[in-house]
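We count ligands from 1, going down the list as the structure has it; atoms in each ligand are counted the same way.
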Amino acid sequence: MSEPEPTTSQPCSHPLLSSLPDASPLRSMSRDQLQDVASEIRDVLCNLLATRTAHFASNLGVVELCIALHCEFDFRHDRLIWDTGHQIYPHKLVTGRYHDFPSIRTRGGLMGYPNPVESEYDLFMTGHAGCSVSTAVGLRSGDVLSGNADRRTVAVIGDGAFPSGIVFEAMNNAGELEDDLTIILNDNKMSICPRVGSVATYLDRLRSNPYYTGLKHEVARLLDHVPMFGDPTERLLAQMKEGVKAGLLGGMLFEELNIRYVGPIDGHDIPMMRKYLAMVREMKGPVLLHVVTEKGHGYKPAAEDPVFFHTPPAFKDDRGKPVSTASSGCPPFTLHARDAIRRQMADDKRVTIITAAMCQGNKLEPIREQFPDRFFDVGICESHAVAFAAGQCKNGMRPIVDIYSTFLQRSYDQIFQEVALQDLPVVFMMDRAGLTGPDGPTHHGIFDIGYLRVFPNMVIMAPGYAGEVDLMLAKAIEHDHSCAIRYPKASALELDRTPDEIVIGKSERIREGRDGTIVAYGAMLDQALAAAELLGDDLDVGVVNARFVKPIDREMIRETMAGDKFVVTLEEHVKMGGFGSAFLEAAAEERLDTRKIHILALRDEFIEHGDREELLAEHGLAAEPIAATCRAAANLQPISLQ
Ligand SMILES: Cc1ncc(C[n+]2csc(CCOP(=O)(O)OP(=O)(O)O)c2C)c(N)n1
Ligand SMILES: CC(=O)[C@@H](O)[C@H](O)COP(=O)(O)O
Ligand SMILES: [Mg+2]
């Protein structure tokens, strides 16, 4: 295939794709036409995605797999789950969304993940890794029970997501139920970073078997002569199982779990994949088809550097000219967090760092190089990460668990039982705590205050500006109970001041004000200061950097609410269970006039994808609407509780 070089985001000619009302015409296309469809998909992906941040390499890698699947199944009737969902772009392009595709990951446009609102081809809105096999086992069970057993069910899962504990829970169940089910393991040797762990090593061994390395054409030839339905397929499998016994084939791990293993096969060979898919489609019971693909296939730079090209920033402009990928402006909180972690690890040999496959996103690569013995990438296994940290902590280490706020939800029970209940001083660095922009509802980290605040002894803090990150982490490491530090995917405000000493449960006053106070939690400090400036001479508003939601600073609450003053609280979190809620609870307990409190937080709804600033503004969390809230609050007559 000739490699599409990103040149322009102007509409190119894609005669086949643009004429697809849905995926059904693919089934009657010739081999050459299907190959042309693959080229058109790559052309769209390379041209459009080069100009915006999007999942690039994963999508290039599944083009042929996607086409072959839609040729052999009808997923308006049959069931298809793409694990995680970040590799769903080719699927969107062949299921009637070609014309809307340029809107992908923009406000009001197509989502970068499956979305049932967009298409009957998408069943679940997902973005978190690992659940596809469970969902597929359930879908199949539902079909069997409801008399729809003629429908086929397919889960496609990547090798990065595959070692998630829940996948093994699902296989355990599937092997016992024995319902018909196709699990496609898309093995590209990569998670976001190179995959890790002993399952990865096992997959490497499977890839080295002779059927893949030497005999795949022989198998293809054999398949050419085998009718695809009924007993002959079973006979072929029996032959292959003989191969297993002879040491030619692998997959015994799955076979022992009562899941038939077939493969590995070349995931870029459409005709070969169609044959295998037609075969496994007719097999009884659960089957795992091992497909080998190349992440970034068809665009050399992406295939050579799939880590950078997992979600690269825009690297070409509208006319196809290379643009700089270096970020401008103040460094993000993530970088300050990384530097703070590095300092703690250098100073204290008890400190370890644990990531669940997000080394790249958390910018931890230099730490991985510098402290290989105290750096742990456990794979996409967040619940294990937390319980593992608890174990290390019990034995005297000071683990830092660095997990995105939304993915930490996966470990809720381990936070409860293994950490909080034991009162172990595990430190949680909750990156992406806030609106994550184009990733959308599955990735916004907007529930963590609520889900952590309920645990006794837990300390929860958030830096308002860059200079605090290091100090907060140092305080957390020194503290004897579990601490969580939350910060968003955003540039960290740089303030020209020496931060007050960090005292657990104490806030920091940044600006005095006569008429009222804005109390900002975390990165909202930026907006609070901007709003106070906007109010200028109209209203003299103070600004407090709350720092802690638990324990909350009651002295600050009493002070800010003294006299006639109003308080506006700000947070990048849902209102329920958030900072404003905690403020209100404490104020009520202090018998203060809670009518003077105005909580600005995210509305009680799942928030779609879009630009972070745009979304914040829509939720009243930009300087203008905050200032407007202050003006309204100032006009209210304070009513005494007495
Ligand atoms: C629970 C959870 N943890 C982490 C992530 C972040 N994440 C998204 S894709 C990905 C790598 C997935 O690798 P794989 O399944 O092999 O897919 P590939 O990109 O290689 O096609 C990771 C770690 C996530 N989406 N969900
Ligand atoms: C699919 C997925 O979950 C990740 O790839 C995520 O999109 C990464 O987000 P960041 O770009 O914020 O690291
Ligand atoms: Mg992979």
Checklist entry - What's the shortest heavy-atom distance between Arg486 and Gly434, and which atoms? => result NH2-N, 4.0 Å

Item to check | Ring-ring centroid check Phe308 Phe315, cutoff 6.0 Å | outcome: no

Item to check | Closest approach of His444 to Leu435 (non-hydrogen atoms, all atoms of both residues) | outcome: ND1-CA, 3.5 Å

Checklist outcome for this item: Short version for His128: what comes under 4.0 Å of ligand 2, heavy atoms counted, is neither

Checklist entry - In the protein, what heavy atom is nearest to atom 26 (N) of ligand 1, and what distance, to one decimal place, separates them? => result Ala129 N, 2.9 Å

Item to check | Salt bridge present between Arg152 and Glu72 (N-O < 4.0 angstrom) | outcome: no

Checklist entry - Looking only at protein heavy atoms, which one is nearest to atom 23 (C) of ligand 1, and how far off is it? => result Ile380 CD1, 3.4 Å

Checklist entry - Shortest non-hydrogen contact from Val292 to Pro264? => result CG2-CB, 3.7 Å

Checklist entry - Going by heavy atoms, is Gly127 under 4.0 Å from ligand 1? => result yes

Checklist entry - Near the Mg ion (ligand 3), is there an N/O/S atom from Met190 that is less than 2.8 Å away? => result yes

Item to check | the Mg ion (ligand 3) to nearest N/O/S of Asn188 below 2.8 Å | outcome: yes

Checklist entry - Got an N/O contact under 3.5 Å between Thr84 and ligand 2? => result no

Checklist outcome for this item: Result for side-chain contact (heavy atoms from CB on, under 4.5 Å) between Phe73 and one of Asp78, Thr153, Leu80 points to Asp78

Item to check | Nearest-option assignment for atom 14 (P) of ligand 1, heavy atoms, candidates Ala357, Gly160, Gly296 | outcome: Gly160

Checklist outcome for this item: When distances are taken from atom 6 (C) of ligand 1, the protein heavy atom at minimum range is Met358 SD, 3.4 Å

Next on the checklist: Between His443 and His609, do the side chains contain a donor N or O and an acceptor N or O under 3.5 Å apart?
Outcome noted: no

Next on the checklist: Here's a test for you: under side-chain hydrogen bond (donor to acceptor under 3.5 Å, both in side chains), which of His290, Arg195, Lys189 qualifies with Asp159?
Outcome noted: Arg195

Item to check | Location of contacts on Arg432 toward ligand 2, heavy atoms closer than 4.0 Å | outcome: side chain

Next on the checklist: Starting from atom 13 (O) of ligand 2, what is the nearest protein heavy atom, named by residue and atom, and what distance separates them?
Outcome noted: Tyr404 OH, 2.6 Å

Checklist entry - Do Arg42 and Glu64 meet the salt-bridge criterion of a basic N to acidic O distance under 4.0 Å? => result yes

Checklist entry - Has ligand 1 got any nitrogen or oxygen that is less than 3.5 angstrom from a nitrogen or oxygen of Ser58? => result yes

Checklist entry - What about Lys295: any of its N or O atoms under 3.5 Å from an N or O on ligand 1? => result yes

Checklist outcome for this item: For Val156 and Ser132 the tightest heavy-atom approach is O-OG, 4.2 Å

Checklist entry - Considering only heavy atoms of Phe407, which atoms of ligand 2 have at least one such atom less than 4.0 Å away? => result 3 (O)

Next on the checklist: At less than 4.0 angstrom from any non-hydrogen atom of Lys489, what atoms of ligand 2 do you find?
Outcome noted: 10 (P), 11 (O), 12 (O)

Checklist entry - Hey, which atoms in ligand 2 end up nearer than 4.0 Å to a heavy atom of Tyr113? => result 1 (C), 2 (C), 3 (O), 7 (O)

Item to check | For atom 8 (C) of ligand 2, closest protein heavy-atom neighbour | outcome: Asp439 OD2, 4.0 Å

Item to check | Side chain, backbone, both or neither: Asn188 near ligand 1, heavy atoms under 4.0 Å | outcome: side chain

Checklist entry - Does Tyr121 have its ring centroid less than 6.0 Å away from the ring centroid of His70? => result yes

Checklist outcome for this item: Counting from 1 in the order shown, the ligand 1 atoms closer than 4.0 Å to a non-hydrogen atom of Arg410 are 1 (C)

Checklist outcome for this item: Numbered in order shown, the ligand 1 atoms found under 4.0 Å of a heavy atom of His128 are 25 (N), 26 (N)

Next on the checklist: Going by the closest heavy atom to atom 4 (C) of ligand 2, which one wins out of His55, Gln87, Lys363, Arg105?
Outcome noted: His55

Checklist entry - Is ligand 1 less than 4.0 angstrom away from at least one heavy atom of Gln87? => result no

Next on the checklist: Please evaluate residues Asp439 and Arg105 with respect to the criterion salt bridge (charged side-chain N to carboxylate O under 4.0 Å, His left out), reporting the C-alpha separation (whole Å), side-chain torsions for both, the decisive distance (0.1 Å), and the verdict.
Outcome noted: CA-CA 7 Å; Asp439 271 327; Arg105 281 170 67 92; 2.9 Å; yes

Checklist entry - Which part of His86 is near ligand 1, with near meaning a heavy atom under 4.0 Å away: side chain, backbone, both or neither? => result side chain

Next on the checklist: Quick check on contacts: which atoms of ligand 1 are under 4.0 angstrom from a heavy atom of Ile192?
Outcome noted: 7 (N), 10 (C), 11 (C), 22 (C), 23 (C)

Checklist entry - Relative to ligand 1, is Arg195 under 4.0 angstrom through side chain, backbone, both or neither, heavy atoms considered? => result neither

Next on the checklist: Distance under 4.0 Å to a non-hydrogen atom of Thr84: what atoms of ligand 1 satisfy this?
Outcome noted: 25 (N)

Checklist entry - If you look at every heavy atom in Phe376 and Gln392, which pair is closest and at what distance? => result CE1-NE2, 3.3 Å

Checklist entry - Does the salt bridge (charged side-chain N to carboxylate O under 4.0 Å, His left out) test come out yes or no for Asp187 and Arg207, once each step is laid out? => result CA-CA 9 Å; Asp187 176 359; Arg207 286 166 73 119; 2.9 Å; yes

Item to check | Closest contact, heavy atoms only, Ala161 versus Ala129 | outcome: CB-CB, 3.9 Å

Checklist outcome for this item: The atom of Asp159 among N, O or S that is nearest the Mg ion (ligand 3) is OD1

Item to check | Output field: ring centroids Phe254/Phe162 closer than 6.0 Å | outcome: yes

Checklist entry - Just wondering, more than 12 heavy atoms not from Tyr412 lying within 6.0 Å of its OH? => result yes

Checklist entry - Side chains of Asp122 and Tyr113: donor-acceptor distance under 3.5 Å anywhere? => result no

Item to check | Identity and separation of the nearest protein heavy atom to atom 3 (N) of ligand 1 | outcome: Glu382 OE2, 2.6 Å

Checklist entry - Against heavy atoms of Gly158, which atoms of ligand 1 measure under 4.0 Å? => result 14 (P), 15 (O), 16 (O)

Checklist outcome for this item: Of all protein heavy atoms, the one nearest atom 15 (O) of ligand 1 is Ala161 N, 3.1 Å

Checklist entry - Is Ser191 near ligand 1, meaning one of its heavy atoms is under 4.0 Å from it? => result yes

Checklist entry - Can His443 be said to touch ligand 2, with heavy atoms closer than 4.0 Å? => result yes

